[in-house]
Amino acid sequence: MQTLAGKKILLGIGGGIAAYKCADLTRRLIERGAEVQVVMTKAAKEFITPLTMQAVSGKPVSDSLLDPAAEASMGHIELAKWADLILIAPATADLIARIASGMGNDLLTTLVLASDAPIAVSPAMNQQMYRNQATQENIATLQRRGMHIWGPASGEQACGDIGPGRMLEPMQLVEECEQFWADKPLKGLSVLITAGPTRESIDPVRYISNHSSGKMGFALAQAAVQLGASTNLVAGPVSLDTPVGANRIDVASALEMYNTVMQYAPSHDIFISCAAVADYRPESIAEQKIKKKDGNEHMTITMVKNPDIVASVANMTDARPYTVGFAAETQDVAHYARSKLSNKNLDMICANDVSIEGQGFNSNNNAVTLYWKEGEQSLTLASKQKIAQQILMCIAEKISS
Ligand code: PMT
């Protein structure tokens, strides 16, 4: 089926071993009706020849900013305007860094600067390079600017290492392109999401909190925007950039989060409670810093229960949104998740086992099982962005049926 009929894709190939997969990628995009114009970096030509890419794309390959012949046929500004989507695959650590810092020192990076087309980046590199803080910060910068990050996959690498950094397979990238142009299933709907921890003050300088980074909730907000929803994000104290297109309301304590959510919820179609809300708060907050006293080896803080935000929304009698909770469990996950689903009167719950390393709190990845009254769906380990997209697709399916 011609799922990409008439779409103009500018395929920017970076200098990584995965470049050899771009011939197959191009062929499959064209099979689905897309027009593909290939642009290669100098290093990419060490891994696959321009002649091969010209043969599969049916168009001369562009690779130089200073080529008078190429500029005469389709100049770089014209090329930047031609694209409906710029897909950069493989995107090496170096190419990502150059794009993040706004450089235009070759044709591909110049096109990225000169185009207002959406940009998708498919990282591919050694797992240690991918995990490097500099690379992670550069990827976060691209995301903040609204670029789509497709991948990487995890597994055995060309260098023999095992870990994240493999470019997505050509068919996975084709599916991402199809998904990119697919109907936006949340168009016309509004989504309210809570994210991050809460802080329960003890005195002016101390508080009780937890390890939530906000990444899962922020990924949900980003996915909701991408799927067409008008999105409000109620964020506990986290150091994350606001997803492009989402409206953010910052709060600190569970009570503040409760008040904000109860004010916003009635005007929303969907509420997702991803925040790790403190179940209890100190009964009173000392006005001055509590002093250590000689001879006092113990200190007791009396705690009182916070309102249950998600249960309060789920039990609203008027204008109740479709209500989704999370369950952070360390044992007996399915049992506790199903109990929370029914005790809190939720429509759906996303259960994550937070005892497993590499997922849950403060990780970039997660694995969750979605439970609703009549069924369940497991989402295997993937980036929080991917998991967020899958959760929202499932919610969209449920509310439209
Ligand atoms: O933020 P990250 O580092 O990305 O980590 C993501 C996460 C692990 C925090 C997230 O995936 C997650 O599991 N969030 C829910 C954490 C939690 O508080 O779970 P719980 O099982 O204790 O609570 C059940 C549900 O009740 C949750 O939807 C919670 O938001 C809600 N709740 C809890 C207490 C309360 N007073 N009000 C609530 O609304």
Side-chain angles (χ1 to χ4, degrees), residues 191-198 200 208-217 219-220 234 236 253-255 257-258 260-262 265-266 268-281 303-363 365-382 384 387-388 390-399 401:
V191 181
L192 179 66
I193 297 165
T194 63
T198 61
E200 309 304 321
I208 295 169
S209 192
N210 59 63
H211 294 292
S212 170
S213 62
K215 287 177 189 171
M216 188 69 243
L220 282 162
V234 181
S253 68
L255 277 182
M257 188 174 275
Y258 170 79
T260 308
V261 167
M262 294 316 282
H268 285 74
D269 300 295
I270 299 164
F271 172 55
I272 308 177
S273 182
C274 183
V277 186
D279 288 324
Y280 293 88
R281 67 180 184 280
M303 309 279 283
V304 292
K305 212 170 189 176
N306 274 323
D308 191 311
I309 303 171
V310 75
S312 306
V313 173
N315 287 295
M316 278 166 44
T317 45
D318 271 343
R320 174 191 183 278
Y322 184 91
T323 306
V324 179
F326 266 73
E329 308 296 345
T330 54
Q331 56 172 337
D332 229 347
V333 179
H335 168 72
Y336 286 123
R338 281 218 172 268
S339 307
K340 283 178 184 169
L341 177 74
S342 85
N343 295 344
K344 297 186 188 228
N345 193 31
L346 307 177
D347 296 298
M348 184 186 284
I349 194 153
C350 316
N352 38 196
D353 187 334
V354 291
S355 68
I356 300 174
E357 210 185 316
Q359 65 183 61
F361 284 101
N362 202 14
S363 150
N365 299 318
N366 211 358
V368 305
T369 303
L370 312 182
Y371 296 95
W372 57 96
K373 213 169 167 191
E374 315 78 19
E376 61 183 76
Q377 183 183 342
S378 288
L379 308 178
T380 53
L381 188 70
K384 283 184 174 166
I387 294 287
Q390 290 173 310
I391 291 173
L392 283 158
M393 289 301 287
C394 186
I395 295 173
E397 210 180 286
K398 292 274 161 296
I399 57 176
S401 63

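Remember, predicted model here, so these are calculated numbers, not experimental data. Numbering of residues begins at 1 and proceeds along the displayed sequence.
- Annotation for Gly236 and Met257: closest pair N-CE, 4.0 Å, computed over non-hydrogen atoms.
- Between Ala314 and Leu346, the closest heavy-atom pair is CB-CD2, 4.0 Å.
- Between Ala254 and Asn306 the shortest heavy-atom distance is CB-ND2, 3.3 Å.
- Inter-residue side-chain proximity for Ile208 and Met303 is flagged as met; some heavy-atom pair is nearer than 4.5 Å.
- Arg320 is linked by a side chain to side chain donor-acceptor pair (under 3.5 Å) to Asp347, counting only residues two or more places apart in sequence or in another chain.
- With rounding to the nearest 0.5 angstrom, the NZ atom of Lys215 is 6.5 Å from the OG atom of Ser363.
- Around OH of Tyr258, the count of heavy atoms belonging to other residues, nucleotides or ligands within 6.0 Å does not exceed 12.
- Checking side-chain atoms of Lys340 against main-chain N and O of Asn345 turns up no donor-acceptor pair under 3.5 Å.
- With Phe361 as the partner, the side-chain contact (heavy atoms from CB on, under 4.5 Å) test is satisfied by one option alone out of Val354, Asn366, Asn352: Val354.
- When side chains are defined from C-beta on, Glu329 does not count as touching His335, because their heavy atoms never get closer than 4.5 Å.
- Of the listed residues (Thr369, Asp353, Val368), just one forms a side-chain contact (heavy atoms from CB on, under 4.5 Å) with Val333, and that residue is Asp353.
- Remark: side-chain polar atoms of Thr323 are paired, donor with acceptor, to backbone N or O of Pro321 under 3.5 angstrom.
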